[in-house]
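Letters A, B, ... are given to chains in the order of the sequence lines, protein chains preceding strands, and every chain is numbered from 1. The analysis underlying the following values was restricted to heavy atoms, covering all of them including side chains, and did not include hydrogens, waters or symmetry mates.
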Amino acid sequence: MSHLVGFRFAEVLLPRPLANGFTYEIPTELSPHIRIGTRVLVQFGPRKIYSAIVIRLHNNAPDNYEPKQILEVLGPVIDDVRNLQFWQWMAEYYMCTPGEVMNVALPSRLKLESETQLQCLIEEEYWDENLEAEDREILTITRNSPETTLNDLVKQYGTAAAKRAKKLVDIGVLGIKESIKYHSLEKWIKVVHINAHKKKEIEAILHPKTKAKAQQNIVLAYYQLQAEGHLFITREMLLNRSTSTIAALDALVRKNILEIREIKESALFSRSGVQAAKLTEAQQEAYEKILKTFAENKIALLHGITSSGKTELYVHLMKEIEKSGGQCLMLVPEIALTTQLINRLRHFFGERVSLYHSRMTDRERSDVWESVRKNDPGSQLVVGARSAIFLPFSNLKLIIIDEEHDSSYRQDAPNPRYQGRDSAIYLATLFGAHVLLGTATPSVESYFNTLQGKYGLIELHQRYEGLQLPEVHLINIREEKKKNRMKGNFSQTLIEAIDDALRRKKQTIIFQNRRGYSPKLICEDCGTVQMCDRCDISLTIHKAVHRLKCHYCGREKSIPPACVVCGSIHLKMLGAGTEQIEDELSSLFPGARIERLDLDTAQSKKRYNKMLTDMESGQIDILVGTQMVTKGLNFTKVEVVGVVNADNLLYFPEYRAHERAFQLLEQVAGRSGRSGQVGKVFIQTYNTGHPVLTFVKTHDYKAFYEWQSQERKTFLYPPFVRMIHLMLRHKDLKLLQKASIELTSMLKSVSEILVIGPEFPPVNRVNNYYRMGIFLKIPRNKSYLKTKRQIWSVCLDFFTHPEYKTVKFFFEVDA
DNA sequence: AGCACGCCGACT
DNA sequence: GTCGGCGTGCTC
Ligand SMILES: [Zn+2]
Ligand SMILES: [Zn+2]
């Protein structure tokens with residue numbers, strides 16, 4: 001068997017939650033174009049055509065079925081097998097299928113799926129008289145718009161229409177065709193050249209009295225860009241710089257002064273940015289420690305308080321990678337990917353930075369994918385959110401994970417339910433790349449690893465220019481109420497602080513970890529709370545849009561004028577969200593400029609960006625918001641930070657709640673005190689004595705860690721054990737409970753693991769599915785992989801039981 | 001996950 | 001009788 005002959009069969013992965021790969025035959029003529037990582041078109045099922053990825057090549061003809069043939073080769077999407085190994089690892093580690101991993105890994109532009117198109121084959125005059133009106137309607141639609149799909153019909157007329165259409169196909173009046181929309185992946189860029197020998201014409205354009213001002217601006221912009229050292233001047237850049245329109249540019253092209261050539265984007269040379277700034281003494285020391293840690297092949301954890309200059313260190317490290325020609329990935333929490341950060345990195349790395357996150361368009365994402373795959377200089381440095389770990393790297397040298405502790409690195413639904421930080425660490429080991437974790441408040445896991453000697457710890461505790469840490473004041477809501485010093489949700493102390501800041505033209509940030517106006521609408525007469533009819537949770541009032549919304553399933557409805565049970569019109573709102581806080585602030589400080597930053601207002605990119613620039617330039621006095629105000633924003637005029645109520649952070653029923661509370665409070669506190677004045681933080685609470693708050697007050701991470709790790713050691717939580725959360729779902733509550741109880745007892749057969757539960761999660765019904773969870777605790781000295789396999793086999797066994805077949809389940813590994 | 005097939009209740 | 005509901009099982 002010679003490898004020159006090529007393989008006869010390919011195992012492919014489909015973007016579906018299927019446990020195994022599927023084998024297709026390779027037509028001889030396609031054989032030379034197919035390798036591992038090639039994207040191919042295959043038929044799967046009776047009609048549908050999908051793009052799939054080749055994961056294995058072989059010559060073993062299957063004996064129990066006749067494989068279908070690969071229809072077409074779409075080209076490579078992954079060049080380095082290590083990326084596929086990464087997918088495989090993730091599926092196994094996070095207990096899901098490789099298809100599910102593929103589904104999140106690939107930008108959707110790379111996932112083709114055919115649609116069934118219908119065409120009317122017979123002229124109206126020959127239509128059978130016996131056809132019903134609905135049939136005629138289907139025929140009319142398909143005749144008028146020949147691209148009508150089966151899905152279009154279903155969307156418009158319901159599933160019945162699909163059955164009708166199939167009948168029409170059977171009797172031969174309707175034709176059926178699978179159609180796929182192909183996408184070109186190569187990006188062509190229009191590059192502009194100037195014909196310098198056209199001296200006279202150029203002089204004429206540049207003449208101060210020229211009538212063609214727009215054209216003059218373009219020529220000037222061209223010279224400006226050239227002077228800045230750009231090797232390629234694209235049409236895009238020219239139009240942006242000159243503010244002229246395409247019309248003016250076309251005129252110059254017609255005069256033969258400018259010339260436009262199209263080149264592939266991958267052929268562009270990218271200009272690098274400026275040199276990195278010199279490090280301070282403390283930073284230099286930290287830098288050397290990081291290098292030393294890397295030299296020992298260890299992961300480095302950089303524990304540096306806000307404003308200690310972590311980003312400068314990142315830049316220095318990335319500069320080194322840039323010089324060596326390797327690829328570097330910088331992970332950032334999604335909401336911290338602000339223009340502020342991007343501009344800063346562009347300054348240092350010019351056009352060698354690529355962005356990758358979910359708010360980008362599909363086209364932009366697949367462009368970055370291709371660019372990384374080809375190892376273009378334009379994507380030597382990728383700054384991205386969680387999903388950037390799936391990019392097809394081939395020469396990855398360094399991964400930086402900023403805000404390492406951030407909970408948004410975890411994807412909690414759907415599968416794969418993975419921890420992006422931990423996955424990135426595994427990715428790095430596949431490539432032999434170094435990893436730097438950066439944070440002001442390390443996660444308990446990471447800090448634990450430094451104490452175990454697994455990670456190197458680098459501390460950077462000197463703030464810039466001797467900036468001082470903010471003063472934290474705890475305000476006892478109960479006491480304030482007694483003294484009649486609460487106005488709505490605000491204590492007199494906080495009001496006075498805001499007032500003082502306003503008078504001195506300083507900014508204030510108010511943090512409330514809940515969006516909407518109020519989380520509960522309750523009837524004062526019968527006590528009925530407006531609940532979501534699909535979930536076991538109260539509906540949140542969104543006053544601005546006058547609607548009730550479910551934050552779990554997304555359903556919304558208008559606010560009822562009266563109680564739906566007793567008809568009473570005495571409806572009261574309980575609890576406060578950001579909208580209400582904003583309202584209260586406007587009446588407390590009528591003249592102040594107040595803005596709100598939360599998921600609802602950040603929907604519009606424009607409004608979001610405006611808010612950030614207004615905040616920077618001092619156009620906003622008070623910014624109210626959820627966690628979004630705690631991330632990535634470097635506002636320099638903020639002096640006061642207020643936390644409306646810390647208690648809902650502290651008493652969340654989850655073992656990580658205290659860690660999260662500490663991190664959030666420290667971060668929001670860190671927003672203040674960059675203006676030269678010492679920042680002031682006011683935390684309102686009923687529990688001034690809570691340990692977390694005392695640690696925040698003294699900014700004492702180590703004390704917090706000691707306390708928290710003691711708790712987790714005592715009550716057996718990670719990092720002292722491994723923990724997996726197994727969740728069961730079903731529409732029938734009784735069946736779900738029975739299944740959960742039985743499975744729990746079966747899982748106890750797996751040796752040495754601790755099985756806890758089953759218990760209901762805080763919200764026990766979402767989208768009409770009841771949920772029950774089982775916690776599995778696994779000792780650290782036991783093989784994680786082997787135990788997971790045992791758990792899998794118990795579950796597979798259990799869920800093939802006829803009674804429990806319909807119960808759905810999923811795992812949250814390292815929950 | 002889709003999608004088809006097939007088995008049962010309610011409406012011409 | 002037929003239509004349409006959803007439960008069940010397969011997809012190379
Ligand atoms: Zn009522
Ligand atoms: Zn809901």
Side-chain angles (χ1 to χ4, degrees), chain A residues 7-27 30 34 38-72 91 96-106 108 111-118 130-135 138 149-155 157-171 176 178-180 413-417 729-732 735-736 739 767-769 796 799-810:
Chain A
F7 293 98
R8 287 176 54 210
F9 300 101
E11 190 180 329
V12 304
L13 210 56
L14 289 149
R16 291 273 167 269
L18 303 163
N20 26 326
F22 289 80
T23 304
Y24 284 81
E25 198 182 341
I26 303 173
L30 295 185
I34 291 179
T38 302
R39 199 165 56 116
V40 293
L41 228 46
V42 295
Q43 188 185 48
F44 185 63
R47 273 182 279 123
K48 243 177 148 125
I49 294 165
Y50 292 97
S51 61
I53 290 187
V54 176
I55 53 166
R56 199 166 69 89
L57 294 165
H58 61 88
N59 286 313
N60 318 318
D63 46 14
N64 49 345
Y65 58 88
E66 190 61 39
K68 289 181 177 158
Q69 291 212 327
I70 286 175
L71 302 173
E72 206 176 302
C96 63
T97 69
E100 287 169 321
V101 177
M102 172 183 175
N103 212 9
V104 289
L106 287 184
S108 33
K111 291 181 287 186
L112 305 181
E113 195 174 312
S114 71
E115 279 198 294
T116 311
Q117 274 187 1
L118 304 166
N130 300 326
L131 287 177
E132 290 169 44
E134 287 92 333
D135 294 326
I138 290 174
T149 67
L150 200 59
N151 269 342
D152 294 338
L153 281 186
V154 171
K155 255 182 236 154
Y157 302 100
T159 45
K163 279 202 171 173
R164 278 184 186 278
K166 266 173 211 149
K167 280 217 169 125
L168 293 170
V169 171
D170 287 342
I171 60 170
I176 200 167
E178 287 299 303
S179 115
I180 316 165
N415 273 356
R417 293 168 159 86
R729 301 191 311 144
H730 203 276
K731 283 188 177 175
D732 179 348
L735 179 65
L736 175 71
N767 241 324
N768 275 338
Y769 278 90
L796 283 185
F799 289 107
T800 45
H801 234 269
E803 205 187 343
Y804 304 125
K805 243 185 238 177
T806 54
V807 180
K808 304 227 190 310
F809 69 103
F810 61 83

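Across C:dC12, B:dA4, C:dT11, the shortest atom-to-atom separation from the side chain of A:Pro46 is found for B:dA4. Among the nucleotides B:dC3, C:dT11, B:dA1, the one closest to the side chain of A:Phe44 is C:dT11. In the set B:dA1, B:dC3, C:dG4, C:dG4 carries the atom at the smallest distance from any side-chain atom of A:Ala160. Side chain of A:Thr806, nearest nucleotide from C:dC3, C:dT8, C:dT11: C:dT8.
A sub-4.0 Å separation between OP1 or OP2 of C:dT11 and a side-chain N or O of A:Arg16 is absent. Here A:Lys166 reaches the OP1 or OP2 of B:dA4: one of its side-chain N or O atoms lies under 4.0 Å away. Using a 4.0 Å cut-off, no side-chain N or O of A:Tyr65 falls inside it from OP1 or OP2 of C:dC12. For the OP1/OP2 pair of B:dC3 and a distance below 4.0 Å, the side-chain nitrogens and oxygens of A:Lys48 include at least one atom meeting the criterion. Taking only side-chain nitrogens and oxygens, A:Thr159 comes nearer than 4.0 Å to OP1 or OP2 of C:dG5. The shortest distance between the side-chain N/O atoms of A:Lys68 and the OP1/OP2 oxygens of C:dT11 is not below 4.0 Å.
Within the 4.0 angstrom heavy-atom criterion, base atoms lie near A:Pro17. No engagement by A:Leu14 is indicated, since no non-hydrogen atom pair under 4.0 Å with the nucleic acid exists.
Spacing between atom CD of A:Glu178 and atom P of C:dT11 amounts to 18 Å, rounded to whole angstrom units. The nearest whole Å value for the distance from the CD atom in A:Glu803 to the C1' atom in C:dG7 is 16 Å. Distance CG (A:Asn20) to C1' (C:dG9): 14 Å, rounded to an integer number of Å. Here the P atom of nucleotide B:dC3 and the CG atom of A:Leu18 are 13 Å apart, to the nearest Å. Separating the OH atom of A:Tyr50 from the P atom of B:dC3 is a distance of 6 Å, rounded to the nearest angstrom. If you take CD1 of A:Ile70 and P of C:dC12, they are 13 Å apart, rounded to a whole angstrom. Atom NZ of A:Lys163 and atom P of C:dC6 are 11 Å apart (whole Å). To the nearest angstrom, P of B:dA1 lies 12 Å from CZ of A:Phe810.
For the pair A:Ile70/A:Ile26, a side-chain contact is recorded, criterion being any heavy-atom separation below 4.5 Å from C-beta on.
Judged by closest nucleotide on DNA chain C, A:Arg164 is the one of A:Arg164 and A:Pro802 placed further toward the 5' end.
Heavy atoms from other residues, nucleotides or ligands lying under 6.0 Å from NE2 of A:His58 number more than 12.
Residue pairs meeting the salt bridge (Lys or Arg N to Asp or Glu O under 4.0 Å) criterion with at least one partner in residues 55-66 of chain A, sequence neighbours excluded, are A:Glu11-A:Arg56.
Side-chain N or O atoms of A:Lys111 include one that pairs as donor or acceptor with a backbone N or O of A:Asn103 at under 3.5 Å.
Residues satisfying the ring pair (Phe, Tyr, Trp, His ring centres under 6.0 Å) test with A:Tyr157, not counting sequence neighbours, are none.
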